[in-house]
S.K.: 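This is the structure I have questions about; it appears just below.
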Protein chains: 2
Amino acid sequence: MEEIRVHPRSSASERRATAEAGANIALTKYWGNADADLRIPANDSVSITLDRTRTVTTVALRPDLPEDEVTVDGRPLTGPARERASRHLDLLRERAGISWRARVVSRNNFPAGAGIAASASGFAALTLAGAAALGLDLSPRDLSLLARRGSGSAARSVFGGFVLLHTGARDEDAFAEPLYGPDWWDVRDLIVIVSRAEKAVPSSEGHHLAPTSALHRARLARVTELNRQLLDALARRDFTALGQAAEEDALLMHAVMMTSRPSLIYWLPETLAVIRRVQAWREEGFPAYFTIDAGPNVHILTLPAFADRLQADLRAMPGVQDVISCRPGPGASIIPNPVE
Amino acid sequence: MEEIRVHPRSSASERRATAEAGANIALTKYWGNADADLRIPANDSVSITLDRTRTVTTVALRPDLPEDEVTVDGRPLTGPARERASRHLDLLRERAGISWRARVVSRNNFPAGAGIAASASGFAALTLAGAAALGLDLSPRDLSLLARRGSGSAARSVFGGFVLLHTGARDEDAFAEPLYGPDWWDVRDLIVIVSRAEKAVPSSEGHHLAPTSALHRARLARVTELNRQLLDALARRDFTALGQAAEEDALLMHAVMMTSRPSLIYWLPETLAVIRRVQAWREEGFPAYFTIDAGPNVHILTLPAFADRLQADLRAMPGVQDVISCRPGPGASIIPNPVE
């Protein structure tokens with residue numbers, strides 16, 4: 001990541017910057033906090049930042065705005081969603097010693113709230129655009145730490161390629177770091193959209209329920225092993241080992257969700273149809289593994305030679321609304337001259 | 001249960017008896033063994049024996065048969081299934097000191113191998129018919145212990161109504177006992193059939209995989225608490241407490257199944273559609289909870305006043321092939337004069 005510079009259009013009456021960030025697919029999941037206030041995840045997680053599911057966010061701070069205005073995909077945020085963004089800007093403003101309120105305009109090129117982690121790309125882009133507009137000189141690690149305060153998985157979207165997010169005892173320990181750049185390994189992620197509806201329980205609320213599952217602590221212990229397996233799989237580019245670890249932790253996380261009190265079942269019938277299709281592909285010899293975030297949509301990990309064939313199969317399935325084929329993508333970046 | 005008498009048609013050249021037993025729905029599940037050879041379950045389980053899903057089995061032992069012949073629903077068993085029944089008859093023959101081979105004819109009035117625990121009613125009926133044909137004078141507890149050797153959940157189907165199956169350190173500790181008779185509480189079980197196909201991995205194999213799940217031990221610890229909750233719920237006839245405990249353990253068991261290595265996913269898309277329907281009913285105020293055995297079909301626990309309404313709703317759902325409405329039923333019994 002390059003050094004961050006304040007957008008040239010900033011002036012005495014406006015400080016403005018635009019940043020872009022990609023969603024990421026977690027191979028081991030973030031579910032449950034070690035510290036809920038600081039959003040310190042209960043376990044380390046490994047992810048791939050994606051090239052085609054991006055958020056572009058402009059932050060324009062002005063001295064005359066009475067309060068933050070945040071628009072996502074053309075809809076002004078209200079209530080807790082606006083407050084969450086506003087509190088996040090407060091963190092940045094405190095650090096810069098600037099109290100100007102902001103007009104934030106954010107656009108996703110994918111459906112928000114449907115398990116494609118819009119909050120990850122959203123808070124990564126907001127953190128970077130906000131920091132740039134405020135003239136903060138932050139290291140990538142500091143950006144990651146700050147992004148985490150907005151949304152745990154946003155800490156990972158600061159970086160491109162293959163990323164590790166650390167848990168930790170203190171705020172400053174829980175940052176993400178890049179393991180390998182996007183060119184290290186051309187793993188594909190076919191995002192299978194079976195629903196565009198907003199989920200009933202957002203992840204940020206679900207995290208609080210994780211400890212109510214009798215299975216939460218057992219999952220955390222197992223994830224430590226799976227992370228070791230994943231780091232090794234990435235180093236050796238061992239797709240089977242990567243896929244097995246990712247699929248197991250997806251099932252572990254959903255096991256925790258389903259058995260939390262109250263039970264959170266994010267899957268739809270179509271989710272299960274896609275899971276079973278992936279299992280059938282493997283029996284036919286195709287390298288394909290599924291993972292599922294806090295939503296009904298399924299991510300299918302595969303290798304480039306098989307992506308077209310699997311995508312065609314998926315599109316023919318009833319209930320599949322869209323398939324977004326992604327590769328490892330770049331980290332968050334400033335857009336110097338955004339088209340507006 | 002009455003004292004068991006040898007069927008009057010037994011003679012010097014044939015010893016014959018017919019018995020009937022009902023399937024049972026486990027409120028807390030048996031999944032995983034403390035001792036695989038003896039089929040001692042890893043945890044206590046509580047069940048309801050059902051009135052409408054029955055197996056009728058005739059055992060006819062003859063001195064001139066070269067080997068056991070076992071027919072289930074008109075199909076002769078072969079391979080491991082025949083051997084399992086034959087080994088079970090061996091246990092009984094050893095106890096009686098009689099080595100005659102048997103012709104066994106068993107009929108289920110419900111689809112076998114589809115998660116309605118045909119092995120529970122099957123081995124309960126086989127144990128009782130076999131013991132009777134051999135002239136064994138066995139207590140209900142001994143029958144339960146022996147039935148368990150054929151299929152863990154068969155130990156419960158020996159008794160009617162509400163039943164507790166104990167785990168234990170030794171063979172003689174792991175028996176079922178009746179908690180309350182079938183008239184104690186008119187709880188309904190609507191069995192929603194979404195598939196009549198035989199399951200790919202039978203329960204008896206799945207039990208061996210339970211310890212490969214990182215979640216198995218955490219589930220066992222939780223089930224101990226859930227059993228306490230269930231015993232209390234049964235004593236007070238508290239349907240909400242019963243339903244919550246049953247639903248939680250169904251999800252815990254499927255969590256263990258899904259995260260075992262290899263992963264066992266018994267659910268179909270239709271399974272999830274029924275789960276979501278149950279959740280929607282509860283939001284509307286209906287007392288309804290789901291539980292699912294090792295298969296895709298869903299059992300819906302409800303109270304009599306709501307059974308017809310919910311059953312009509314279920315029958316209108318796409319993918320629902322049948323709904324069997326059950327009440328608590330009687331335990332295994334000898335049929336003195338079977339119609340053949």
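All values below come from the heavy atoms of this structure, side chains included, with hydrogens, waters and symmetry mates left out. In this text, all values refer to a predicted model and were calculated from it rather than measured experimentally. Residue numbers begin at 1 in each chain, while the letters A, B, ... track the order of the sequences.
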S.K.: Given heavy-atom pairs under 4.5 angstrom as the criterion, report whether the side chain, backbone, both or neither of A:R261 touches chain B.
M.R.: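 Contact with chain B is through the side chain of A:R261 alone.
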S.K.: For B:I275, is it the side chain, the backbone, both, or neither that has a heavy atom closer than 4.5 Å to a heavy atom of chain A?
M.R.: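 Just its side chain gets close to chain A.
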S.K.: What do you reckon, is CZ of A:R282 surrounded by more than 12 foreign heavy atoms closer than 6.0 Å?
M.R.: yes
S.K.: Which atom pair, heavy atoms only, marks the closest approach of B:I265 to A:R276?
M.R.: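 The pair with the smallest heavy-atom distance is O-NH2, 2.6 Å.
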S.K.: Can you confirm whether A:L272 sits close enough to B:E270 that some side-chain heavy atom of one is under 4.5 Å from a side-chain heavy atom of the other?
M.R.: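 In short, these two side chains do not touch, never coming nearer than 4.5 Å.
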S.K.: How close do A:L215 and B:A218 get, counting heavy atoms only, and between which atoms?
M.R.: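 Shortest heavy-atom separation between A:L215 and B:A218 comes out as CD2-CB, 3.9 Å.
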S.K.: Without swapping roles, check the side chain of B:R222 against the backbone of A:S213 for a donor-acceptor pair under 3.5 Å.
M.R.: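 Side chain of B:R222 to backbone of A:S213, a donor-acceptor pair under 3.5 Å: no, none is there.
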S.K.: Considering only heavy atoms, which portion of B:Q279 lies under 4.5 Å from any heavy atom of chain A: side chain, backbone, both, or neither?
M.R.: side chain
